[in-house]
There are 4 protein chains.
Amino acid sequence: MSPRRRNAEGAAAARAARRTELLGTAAEVFAARGYAATTVREVADAAGMLGGSLYYHFDSKESMIDEILSGFLTALWRDYDAVLARGGGAEQTLRGLVTASFQAIDRDRPAVVLYQNEAKHLASNPRFGYLAESGARFREMWTGLLEQGSRDGSFRADLDAPVVYRFIRDTVWLAAGWYRPGGRLSPDEIAEQYLALVLEGIRGR
Amino acid sequence: MSPRRRNAEGAAAARAARRTELLGTAAEVFAARGYAATTVREVADAAGMLGGSLYYHFDSKESMIDEILSGFLTALWRDYDAVLARGGGAEQTLRGLVTASFQAIDRDRPAVVLYQNEAKHLASNPRFGYLAESGARFREMWTGLLEQGSRDGSFRADLDAPVVYRFIRDTVWLAAGWYRPGGRLSPDEIAEQYLALVLEGIRGR
Amino acid sequence: MSPRRRNAEGAAAARAARRTELLGTAAEVFAARGYAATTVREVADAAGMLGGSLYYHFDSKESMIDEILSGFLTALWRDYDAVLARGGGAEQTLRGLVTASFQAIDRDRPAVVLYQNEAKHLASNPRFGYLAESGARFREMWTGLLEQGSRDGSFRADLDAPVVYRFIRDTVWLAAGWYRPGGRLSPDEIAEQYLALVLEGIRGR
Amino acid sequence: MSPRRRNAEGAAAARAARRTELLGTAAEVFAARGYAATTVREVADAAGMLGGSLYYHFDSKESMIDEILSGFLTALWRDYDAVLARGGGAEQTLRGLVTASFQAIDRDRPAVVLYQNEAKHLASNPRFGYLAESGARFREMWTGLLEQGSRDGSFRADLDAPVVYRFIRDTVWLAAGWYRPGGRLSPDEIAEQYLALVLEGIRGR
DNA sequence: CATGAATGAGCGTTCATTCAT
DNA sequence: CATGAATGAACGCTCATTCAT
């Protein structure tokens with residue numbers, strides 16, 4: 001490998017690292033203020049540069065949130081697919097999916113917030129068609145799991161799968177609204193607390 | 001009563017009715033597109049008038065969402081207070097609050113959506129200080145209820161009140177995201193389904 | 001004269017009186033805030049009616065200031081012409097013109113203020129062509145008077161007529177900026193003070 | 001001095017120069033059309049740019065006239081203070097002040113026009129409090145000078161200082177209404193003409 | 001005569017985006 | 001890579017004006 005080649009690779013890596021860093025900043029600002037209400041100047045300020053300079057790295061404001069969301073979903077599905085690949089019973093799979101979700105919140109909270117708050121509005125834009133696709137896969141995965149667990153006795157037999165699916169789906173992401181990394185509970189512990197609630201309910205026995 | 005007096009009253013009533021009508025339209029559009037992303041022209045279009053005409057009725061775009069949210073919260077607390085005034089055990093009160101919440105979703109879904117999506121961003125504006133106040137009252141009401149029920153055996157003794165409070169708070173409003181009035185389930189039936197989940201959990205016995 | 005005829009005349013007179021009253025109000029508001037910066041709502045408020053109602057009386061905002069200024073100039077030239085018709089020496093005529101001007105200020109201060117502040121901007125509008133005409137007549141009157149007085153020894157022989165004309169012209173209207181009706185000096189006394197300054201200067205002898 | 005430092009200084013200087021240039025253009029347009037009647041697009045047109053582009057340089061239309069007027073008054077008082085510091089008799093000081101005023105008109109006529117036409121309306125805005133302050137200083141300076149000259153025999157003993165102050169104050173700025181730079185008379189010569197009138201009056205001896 | 005609701009053009013301002021340097 | 005000046009479309013809002021009542 002020539003030194004020239006090595007330099008070029010180093011530059012490309014540095015460039016990718018800078019993009020990732022800027023996207024992290026953008027995600028934080030978008031999540032804090034809302035995507036539509038955030039100006040690219042605010043993102044640039046947070047990144048320590050001027051508004052126009054962001055356009056060296058990104059085509060548009062839209063491409064930033066696109067990259068944030070698509071990156072988040074790619075990583076998320078990698079984890080979900082690993083859980084599904086592990087096999088096991090319905091409850092075990094459910095535990096795995098919920099835990100993976102809380103880990104995703106821990107890993108990239110701003111992206112989760114954006115996904116919750118903005119996905120619905122963005123979905124009408126063809127560019128963000130993958131949001132609807134991901135949502136459909138999500139629904140199929142969960143209703144399938146719930147129906148299987150309901151049949152095999154893992155879950156209550158009278159579960160209304162669509163209702164419980166929505167309940168779980170939303171519940172899973174809610175923690176992003178108040179979770180603060182480095183708090184007293186680790187993501188896995190929080191997952192346990194939530195699972196206890198969801199699986200057992202709150203009624204005294 | 002003089003005819004003049006009657007006319008003045010009629011005009012005031014008609015004006016109030018028009019405001020309410022326009023606020024309903026505005027709430028729908030804000031909820032559908034997001035407050036920041038909605039232009040006043042879009043609201044006006046939906047109301048069948050020109051952008052500037054809205055300003056005969058309202059001071060600003062901000063005053064519209066202000067009136068929507070404050071009106072929503074006022075009506076909501078009227079219902080909550082009625083439930084609390086009825087007394088009864090912790091589970092009964094919880095059932096009453098959840099049912100009142102689902103009725104509020106049925107009555108004014110767009111306002112609930114706005115409350116969920118925009119309250120956090122608006123709260124930093126002094127004009128919307130009442131959002132934080134209402135949130136604090138909400139937290140006190142729920143944590144008090146949960147702790148009482150936990151002590152008297154209505155609920156599990158090991159409940160983590162702050163965690164469960166957030167869980168309930170968010171769960172309660174989630175249905176606004178997908179509920180469609182006139183669907184197969186009435187608000188009270190949906191409330192029952194949710195209560196079953198929350199109280200019993202989903203695990204098979 | 002039939003009673004019907006008398007009624008019609010009475011109605012026309014009442015209408016004219018109302019117009020005059022409204023124009024007086026409009027002139028005050030225009031003078032206080034500036035014509036362009038004044039909204040017709042502000043004029044209407046001051047007149048105790050709603051914005052749209054003014055349009056029963058006047059075609060437009062522009063027609064209001066038109067009527068104010070043309071009425072002011074008509075009355076002013078009536079007075080100036082009376083002074084000129086009296087004849088007499090240059091100083092006596094100058095005293096008459098200055099006194100008539102201060103009386104005009106006393107009679108309709110807002111119109112004088114508007115004339116000073118707005119005439120220059122309005123003059124480019126063909127509708128206000130009479131402003132330029134009046135200004136030209138004014139210049140001819142004054143330069144003629146000054147040159148005559150300079151020749152016959154009433155005024156200094158070395159007077160630069162165009163310079164002094166502008167000086168007098170502007171001086172004459174300045175008092176409108178600070179004059180308050182009902183103050184300690186009558187218009188005629190103020191005229192005397194100004195004339196003493198203009199005729200004798202301020203240097204000690 | 002490092003090259004970097006030199007560049008930064010050059011950029012700051014260039015920026016300041018551009019601001020000054022734009023403010024000069026704005027002052028001309030405001031003076032010609034009136035501040036309220038001028039649109040920022042008209043200012044931008046005159047500056048060869050689009051309306052929105054002005055906001056790169058200035059916060060608002062109001063901040064433009066603010067900077068024009070405050071800059072004008074700062075420079076004016078620098079000159080006045082220099083005259084006062086020179087000392088000398090009352091007549092000499094009066095001559096110095098009047099000459100400085102005509103030089104200010106020559107230097108920045110649009111600012112003088114704006115000061116005359118807009119100061120009164122702007123003064124009610126707290127942002128322009130310095131206008132009233134400057135006016136008060138102006139009054140104290142002139143009435144003090146006139147009273148002193150009246151006592152020591154430089155001016156007529158029967159001078160009514162407040163009346164003459166207003167007369168001088170207004171007279172001094174009137175020339176801005178018709179003065180054209182590069183005309184047949186220099187600012188100092190115009191000052192001489194005005195001083196002859198004011199000091200001696202126009203009456204023949 | 002006056003009201004009150006609406007119009008529609010245009011205003012001051014914002015902001016995503018471009019590009020020469 | 002980043003800057004800084006500019007663009008141009010669109011935004012929230014104002015206001016002179018209209019007109020049915």
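Predicted model, so just to flag it, every value in this text is computed and none were measured.
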*Nucleotide by nucleotide, 5' to 3', does protein get under 4.0 Å of the base (B), only the sugar-phosphate (S), or neither (-) in nucleotides 16-21 of chain F, counting heavy atoms?*
SBB---

_D:Glu62 vs D:Asn125, side chain to side chain contact (heavy atoms under 4.5 Å, CB included): CA-CA, chis, key distance, verdict_ = CA-CA 11 Å; D:Glu62 197 180 71; D:Asn125 182 336; 2.9 Å; yes

*asked:* Just to be sure I follow the notation: if a pair is Watson-Crick (purine N1 to pyrimidine N3 plus N6-O4 or O6-N4) or a G-U wobble (N1-O2 and O6-N3), each under 3.5 Å, what dot-bracket string does DNA chain F give, with | for pairs to another strand?
replied: .||||||||||||||||||||

*So, is B:Arg15 near the phosphate of E:dT3, with a side-chain N or O under 4.0 Å from OP1 or OP2?*
no

*If you round to the nearest 0.5 Å, how far is CZ of D:Phe58 from CG of D:Leu22?*
5.0 Å

*Please state how far atom CG in B:Leu54 lies from atom P in F:dC15, giving the value in whole angstrom units.*
17 Å

_Those residues that, when tested against B:Glu67, pass salt bridge (Lys or Arg N to Asp or Glu O under 4.0 Å) (two or more places apart)_ = B:Arg19

*Between E:dC15 atom P and A:Phe30 atom CZ, what is the distance in whole Å?*
13 Å

*Reckon D:His57 has a side-chain N or O less than 4.0 Å from the OP1 or OP2 of F:dG4?*
no

*Whole angstrom is fine here: how far is it from CE in C:Met49 over to P in E:dA2?*
4 Å

*Could you state the CZ-P distance from B:Phe58 to F:dT14, rounded to the nearest angstrom?*
15 Å

_If you count every heavy atom of other residues, nucleotides or ligands that lies below 6.0 Å from B:Arg127 atom CZ, does the total exceed 12?_
yes

_Whether the A:Asp108 and A:Tyr115 side chains hold a donor-acceptor pair (N or O, under 3.5 Å, no angle test) is what I'd like checked._
no

